[in-house]
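Everything on this sheet refers to the single structure shown next.
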Number of protein chains: 2
Amino acid sequence: MVRKPTKSNVKADAKAVSTRKPNMREAILAAAEELFSTYGFNAVSVRDIAQAAGANPGSVTYHFKTKDGLLLEIYRRHCGPMNRRRSELLAAARRVRDLQDRLEAIVRAYVLPAFTSGSDLAGGGTRFTRLRAIMSAEGNEVVRKIIAQTFDDTSHAFIDAIHESLPHIPRTDLVWRGHFLLGALYYTLVTPERVSRLSRGSADGTDAGHAIEELVRATVAALQAPPLDPAISALRKAPGFAPGRALT
Amino acid sequence: MVRKPTKSNVKADAKAVSTRKPNMREAILAAAEELFSTYGFNAVSVRDIAQAAGANPGSVTYHFKTKDGLLLEIYRRHCGPMNRRRSELLAAARRVRDLQDRLEAIVRAYVLPAFTSGSDLAGGGTRFTRLRAIMSAEGNEVVRKIIAQTFDDTSHAFIDAIHESLPHIPRTDLVWRGHFLLGALYYTLVTPERVSRLSRGSADGTDAGHAIEELVRATVAALQAPPLDPAISALRKAPGFAPGRALT
DNA sequence: ACCATATTTGTACTATCGTCCAAATATTCA
DNA sequence: TGAATATTTGGACGATAGTACAAATATGGT
C-alpha cells in the first residue's frame with residue numbers, strides 16, 4: 001500500500017491489480033479470517049495464517065501481538081459496520097405500514113447484514129458470520145466478551161421491534177424464536193455444501209438470496225406462531241432460565 | 001467392570017457406587033465426550049481426557065489407538081440408539097390421525113432423541129448433540145463420513161413424512177426448513193447459559209422440556225409457512241444447489 | 001542523501017501435542 | 001497356583017504450537 005503520506009486517507013490506489021500485496025497487515029487479517037471461519041480458531045496455527053498471507057510468522061506477532069489479538073481485531077473490523085447496517089435497516093423497517101410486511105422487513109434487517117456486511121471484500125459478510133458461528137460453537141472466551149458488549153444493544157432493539165409487531169406474543173417466546181433464527185442462520189453458513197457458492201455469487205446475491213428468502217419466510221412464520229400454553233410458560237418463569245442473551 | 005466372564009453380559013454389578021472406576025475404557029469415553037462437547041475436538045488434548053478420566057495418557061492410545069479413533073467410537077456409541085429411537089417415534093407419529101397433530105408429532109420425533117437418547121448417563125443425549133453441533137461447525141473430516149452414512153436414511157424418512165403432511169409445499173422448501181430446525185437445535189444446545197441446567201434437569205425433563213416445546217412450536221409454524229414465490233424457486237432449480245443433505 | 005521509524009525476516013525458546021513402547025501390574029482360566 | 005493375556009504405567013520421541021527478539025530491510029520526512 002506504499003505507506004500513506006502520514007495523514008491522508010487515500011485508499012483508491014490499492015487493490016488495483018487484484019491481490020498484489022498492498023498491506024501485509026490487511027493480508028494477514030484476510031487470511032486469518034478465511035482460515036478461522038473455515039477450520040475454527042484452534043485448528044489454525046499462526047504459521048498457517050502467515051503462509052496463506054505470504055508473510056513471516058513474526059509479522060503476525062508484530063502486528064497483532066498474540067493470536068487472540070488477531071481474532072479480536074477481526075471482530076473489531078466487522079462488528080461496527082455490521083451493527084450500523086442493521087440499525088439502518090431496522091429503522092427503515094420500523095417505518096413500514098403493513099404489520100405483516102413490517103415484521104418481514106425487521107427479520108430481513110437482521111439477516112441481510114450477516115450475508116453482505118463488512119468490508120469491500122466479496123463475501124466478507126458471510127465469512128465473518130461463519131466465523132461467529134464457529135466461535136460460538138467452540139465457546140471461545142476471548143470472543144464472549146466482545147459479543148456481549150457489541151451485540152447486546154442491537155439484539156434488544158430487534159426483539160423490541162418484533163415485540164411491537166406481535167404484541168400478543170410473550171416476549172419470552174420471541175426471544176426463543178430469535179435464538180432459533182440465529183442458530184439457523186449460523187448453521188446455514190457453516191454447512192459448506194449447501195451455501196458453497198454463496199461467497200462467489202453474483203453481485204446481486206441471487207445464490208445467497210434464495211437462502212435468505214427461505215430463512216426469512218420460515219422465521220416470520222415461526223415468530224407468528226401462537227405462544228405456548230401459558231400454564232406451561234408460567235412454570236418456566238424461574239429466573240435465569242429464560243434466554244437473556246438472544247440474537248447474539 | 002471387573003472383566004466379564006468372557007461371554008456373559010453381566011452389567012448390573014458395575015456402577016453400584018456412583019462413579020468408582022468400573023471400566024477405564026468407559027471412563028475415558030465419558031470424559032472425552034464431555035470435554036469434546038464443551039471445548040471442541042481441537043481444543044482438547046489426549047492428556048486432558050486422560051486426566052479427567054483418571055487414566056494414563058497411554059491408556060487412551062491403548063484402547064482407541066488414535067484421538068480420531070476415540071471420536072469415532074463416541075459416535076458409534078450414540079448414532080445407533082439415537083436413530084433407532086427416532087425411527088420408533090417417527091413410526092408412531094405417522095399413525096397420528098389429525099394432520100396438525102401428526103406434523104407436530106413428527107417434529108417432536110426428530111427433536112426428542114437429540115435431548116434424551118443414548119446411554120444411561122444423565123444428559124447423554126444433549127451432550128452428544130452438543131458434540132455433533134461443535135463438530136459440524138469445526139468441519140471435522142472424520143465425522144463427515146459417519147454422518148453421511150448414519151443419518152442420511154433417517155433424515156430422508158423425516159423429510160418424506162413431513163412432505164406427506166404438507167403435500168402442497170415443495171420439497172425444497174421443506175428441506176431448507178428442516179435444515180433450519182437442525183441449526184436451531186444445535187445452537188440451543190451449544191449456548192450454555194441458555195440450557196445450562198438442561199443436563200441436570202429432573203428426570204421428566206421439565207427444563208429441557210420448555211426448550212423442546214418452544215423449538216417444536218416454532219418449527220411446526222415454519223414448516224407450514226407458504227412456500228416462496230415459485231417464480232423465484234424455479235430460478236434455483238439449478239442442480240447441486242438445493243440442500244441435499246438436510247437434517248444431518 | 002540521510003536519519004528515524006516501521007516493518008519484515010530468521011531463528012530460537014519453551015510448552016505441549018499425538019503417538020509409541022518397554023516394563024510393571026492386574027486379571028483370567030486351566 | 002501358574003501361565004497366558006489384558007491393561008496400566010511412565011517415560012520418550014519427533015512435530016508443531018505460540019511467542020520473543022535481534023538483525024536486516026524498507027519506508028517517509030527533511
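These numbers come from the heavy atoms of this one structure, side chains and all, not from hydrogens, waters or symmetry mates.
Atom CG of A:L71 is separated from atom C1' of D:dT19 by 17 Å (rounded to the nearest Å). In this structure, A:L29 atom CG and C:dT7 atom P are separated by 13 Å, rounded to whole Å. Between the P atom of D:dG18 and the CD1 atom of A:I28 lies a distance of 14 Å, rounded to the nearest Å. Here C:dA6 presents its P atom at 15 Å from NZ of A:K65, a figure rounded to the nearest Å. For A:I49 and D:dA17, the CD1 to P distance is 11 Å, given to the nearest whole Å. Summarising the geometry, the separation between NZ on B:K67 and P on C:dC17 is reported as 9 Å, rounded to the nearest angstrom. Taking atom CG on B:N23 and atom C1' on D:dT7, their separation rounds to 10 Å, with Å as the unit. In this entry the distance linking CD of B:Q51 with C1' of C:dT16 reads 14 Å, nearest Å.
Between A:R84 and A:E88 there is no salt bridge, since none of the side-chain N atoms of the basic residue sits less than 4.0 Å from a carboxylate O of the acidic one. Classification of B:E26 and B:R77 as a salt-bridged pair holds, one side-chain N sitting under 4.0 Å from a carboxylate O. Between A:R25 and A:E73, at least one side-chain N (NZ, or NE/NH1/NH2) sits under 4.0 Å from a carboxylate O, which counts as a salt bridge.
A:R132 forms no cation-pi arrangement with A:Y186, by the criterion of a distance under 6.0 Å to the ring centre and an angle within 45° of the ring axis.
Contact annotation: B:S59 side-chain N/O to D:dT8 OP1/OP2 distance is under 4.0 Å. Residue B:S45 places no side-chain N or O under 4.0 Å from the OP1 or OP2 atom of C:dT16. Neither OP1 nor OP2 of D:dA6 sits under 4.0 Å from any side-chain N or O of B:H63. Side-chain nitrogen and oxygen atoms of A:T61 include none within less than 4.0 Å of the OP1 or OP2 phosphate oxygen of D:dT19. For the pair B:Y62 and D:dT8, the criterion of a side-chain N or O lying under 4.0 Å from OP1 or OP2 is not met.
Nucleic acid contact class of B:R47 (heavy atoms, under 4.0 Å, all strands): base. Across all strands, A:V44 comes closer than 4.0 Å only to sugar-phosphate atoms, never to a base (heavy-atom distances).
At a threshold of 4.5 Å between non-hydrogen side-chain atoms, the residues B:L89 and B:Y110 do not count as touching.
Residues A:N56 and B:G58 both approach DNA chain D. Their nearest nucleotides, taken by heavy-atom distance, put B:G58 toward the 5′ side.
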